[in-house]
Amino acid sequence: MSSPFEWLIFLPFAGGVITFLLPGKSRPWLALLLTVGTFAAAWWLASDVWREGPQGYALGGWEAPLGINLYADGLSALLLLTTSAVMTLASFYSLGYFSREAEASSWTEARAFVPLWLFLLGSLNALFVSRDLFNLYVALELLTIAGVALVALAGGATALRAGMRYLLAAFLASLLYLMGVALLYGEFGVLDLALIAEAAEGGTRAPVIALAFVFLGLGIKAALFPFHAWLPHAHASAPAPVSAVLSALVVKAAFYVILRLWVDVFADSVTAPAAQAAGALGAAGILWGSFQALREQRLKLVVAHSTVAQVGYLFLLFPLLTGVGEGAWRFDAWAGGVYHMMSHAFAKGALFLAAGTILYAYGNDQISAMRGLTRTLPITTVSFGIAGIALVGLPPSGSFIAKWMLLTATIESAQWWWAVVIGAGTLLSGAYVYRLVSAAFTPDTLPESIRPVPRVMEYASLILALTSLGLGLRAAEPFDLLEVGAPFSMIVAGVGT
Amino acid sequence: MLEHGVDIVLAGSIAVVAWRVLLEPQLFRSMVLFIAMGLMLSLAWVRLAAPDIALAEAAIGAGLTGILLIRAAQTEAAQEAAAAAREAATSGWRRWFPGAGRIVSAAAALAFAAVLLVAVIDLPGEPIGLTEAAATEMEASGVEHPVTSVLLNFRAYDTWLEVGVLLLAAMGVLAIHRTYNLRSTRSEEHTMLVLTWLARIILPLAVLIAGYLYWSGTHQPGGAFQAGAILAAALVLMQLAGFRGVSGLSTLWLGAGLMLSFAAFLAVGFIGTFEGEFLRYRHATGELIILALELTIVVSTAVTLAALFAGAGSQSGDDSDAVRARTPPESL
């Protein structure tokens, strides 16, 4: 076990097996230990990437094209770090959320929760290091089923129905993706991404229909408008740590595959009209998601709709990368998008955890019932505020840098209309965040009975929120790491350094 | 000429039966037709010279999926949902456009098929792929059948994760039931004598066939997943005939059965890292390891699929509190 790749895969899956088989009270602690271990492995891989450049690994000793190869560049490393960091903090949170002082049923949930949780972590890791078109499909399947099971864990008709819708949408998406993969294999005869990229650059254009299937399937999984309808209820009715991880990481995983294929593999096959269409859908998602978030009465649904909007920003990358020439703004757009993924992961994780704390304490999550929050749950209020700042993209958050870079790229590539969308989306998100924060700061008679909240829950969301802020204060290192193996160069783009 | 005739009749029948599946108003009959369609599809795979897929399609696609559908449809919740769907189909704006949903779906499916047809015609005429590369390296893989050497050696990592997908499905079902064994699931109260009699004859045969498929996988079409599916069918039959089957297993044994294969791959992978890479098998022991891993796949696939069936029969969901109350605390 001398490679970080091995630990990234081995630790969570072994933990899933062990925690499933061994009964015991130590389970949630074991889960926490393993997420911390996974973070260490991700750090190890990131430092290898930092020092030596992109890393590869041939499973079973079989090199591509016959075998499956793993690969990590700066992008993979950053997302692996984000994944294990968010999941570690959410695991801390779940120690309190599923604690034994809570009702017996939630202890039951905890028993089912831990193994599924570790499987989810393992499948995220497997996805971010995969360099194989079919292996990505398998990782996406694992991720989907773990995610659906975790949603349904909340119990009750609402969660089951939401889980079922999620399952059906995700399976349709998987089948579309798989169909596309089969066609691409028929065209190129290999599954390894690097080999396909070589062939696709050498003149064989990827067939349009196959690409359409692949990107459509992934778009559904990434909740791109108008394929987002499964998301709000699935994310809102899950247990709090699950909501956090689904919105922060699982949706991003599907987007990561899109980004990887679009930029690294099929850069010569994708067209400008396709890029403009992707951007238009992203823009529609921003406006629609924000609008719905403004109208919702339930806190978790507001946060879930905002995920639809935030995913929309990610799709604005494509018109900035494709069909607009070879300007330096392409690094800005690409890196800004990736940074937005990270920053949103932490901010949205914090928001969902905080929302879960409020639901835990108050017994419901109506926004109108949030009054007096500053006195009942001060730490949660603070993390709510900070995560809100990061969500809107105010300085000094990481999203501010990300949005700034995206805006720069829209101006430099002379596509002002995307800047208008970004501006409008920011104003709308400001509005719905203000709506939540103002409810929290409204002094009111305190609710009669509040369920005592374990401290660890409040601090876990606070640390996540502070991290999303910290990403804006210390951006140089992440951007240097991101440049390792990046498809675009940073040279002219004076950012961060 | 005769062969073309057979193919045309087969393809035509699949389309007709598929159409009937969609149009059949009665849920149960539609499911029976679905099973028939699965069997025809497996014949089509035979005609396409893909016996491995044919076996999997017959055992899983037609057999187990069909019986899962029927089992799920028998529950009260499903009956209510079906009634609600019928209600919805005849109320509101849909009243004015009877069958509008079907027409839209049919149009979408036809458009999809047309797009797919164009895509397939567009593919390069000469089949390309990794067949040759696999054949060259097959000797080093430890088995003599290319499909098995790809599944269990070259791409063992994918197979492992696929085993994980199956496992997660079973874990999800257990999680929704909030239990770790299936002892609380419905047992058949009215079993027919003929079924018990049939089970006694078929069970030994199923074990024999599964064993044969498992063993033959090393050098000819067949293999572990297909063998596991056949064993699972035997377990389902046991359950239907009033024997306990997988719902008789304790928490530990059920968990062990579900986890066996995934854990075995993990262990082999771990040992492989001392030799070189994760999941590396030494050439001399490659065949033994592959046989052992396949055996675990047979067991875990059988237990998992049978557990899905047993789980599908028990009530859950809206009355999750009742389920909670029912499950003994020590099993949680």
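Labels below follow one simple rule: chain letters A, B, ... track the order of the sequence lines, proteins then strands, and each chain is numbered from 1.
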Are [X] and [Y] close enough that some pair of their side-chain heavy atoms sits under 4.5 Å apart?
{"X": "A:N135", "Y": "B:L161", "answer": "yes"}
{"X": "B:T273", "Y": "A:F10", "answer": "no"}
{"X": "B:L168", "Y": "A:E141", "answer": "no"}
{"X": "A:F119", "Y": "B:L167", "answer": "yes"}
{"X": "A:W62", "Y": "B:E277", "answer": "no"}

Look at [options] and state which one has the largest set of heavy-atom pairs under 4.5 Å with chain B.
{"options": "A:V208, A:D132, A:L150", "result": "A:D132"}
{"options": "A:A152, A:P207, A:A149, A:P65", "result": "A:P65"}
{"options": "A:L66, A:I209, A:V190", "result": "A:L66"}

- Item | Considering all heavy atoms, the nearest B:L123-A:G186 contact | CD2-C, 3.8 Å
I need the [X] [atom1] to [Y] [atom2] distance, nearest 0.5 Å.
{"X": "A:L183", "Y": "B:L116", "atom1": "CG", "atom2": "CG", "answer": "6.0 Å"}
{"X": "B:Y157", "Y": "A:S130", "atom1": "OH", "atom2": "OG", "answer": "6.5 Å"}
{"X": "A:L116", "Y": "B:M171", "atom1": "CG", "atom2": "CE", "answer": "4.5 Å"}
{"X": "B:L130", "Y": "A:L191", "atom1": "CG", "atom2": "CG", "answer": "6.5 Å"}
{"X": "B:D158", "Y": "A:I68", "atom1": "CG", "atom2": "CD1", "answer": "3.5 Å"}

Check whether [X] gets within reach of chain A through its side chain, its backbone, both or neither, counting any heavy atom under 4.5 Å.
{"X": "B:W253", "result": "neither"}
{"X": "B:A156", "result": "neither"}
{"X": "B:L254", "result": "neither"}

- Query: Among B:L258, B:L174, B:N153, who wins on heavy-atom pairs under 4.5 Å with chain A?
  - Reply: B:N153
- Message: Between B:A175, B:A169, B:G172, who has the most heavy-atom pairs with chain A when the cutoff is under 4.5 Å?
- Response: B:A175
- Task: Could you please spell out the steps behind the side chain to side chain contact (heavy atoms under 4.5 Å, CB included) verdict for A:L59 and B:F154?
- Result: CA-CA 8 Å; A:L59 281 155; B:F154 305 141; over 6 Å; no
Report which part of [X] has an atom under 4.5 Å of a heavy atom belonging to chain B: side chain, backbone, both, or neither.
{"X": "A:L176", "answer": "side chain"}
{"X": "A:L70", "answer": "side chain"}
{"X": "A:A210", "answer": "neither"}
{"X": "A:A159", "answer": "neither"}

- Apply side chain to side chain contact (heavy atoms under 4.5 Å, CB included) to A:I9 and B:W160, showing your working. CA-CA 12 Å; A:I9 303 297; B:W160 173 46; 3.6 Å; yes
- Count the heavy atoms of every other residue, nucleotide or ligand shown that sit under 6.0 Å from CH2 of B:W45, and state whether that count exceeds 12. no
- Taking the six-membered ring for Trp, are A:F213 and B:F112 parallel (under 30°), tilted (30 to 60°) or perpendicular (over 60°)? tilted
- Ring centers of A:F5, B:F278 separated by less than 6.0 Å: no
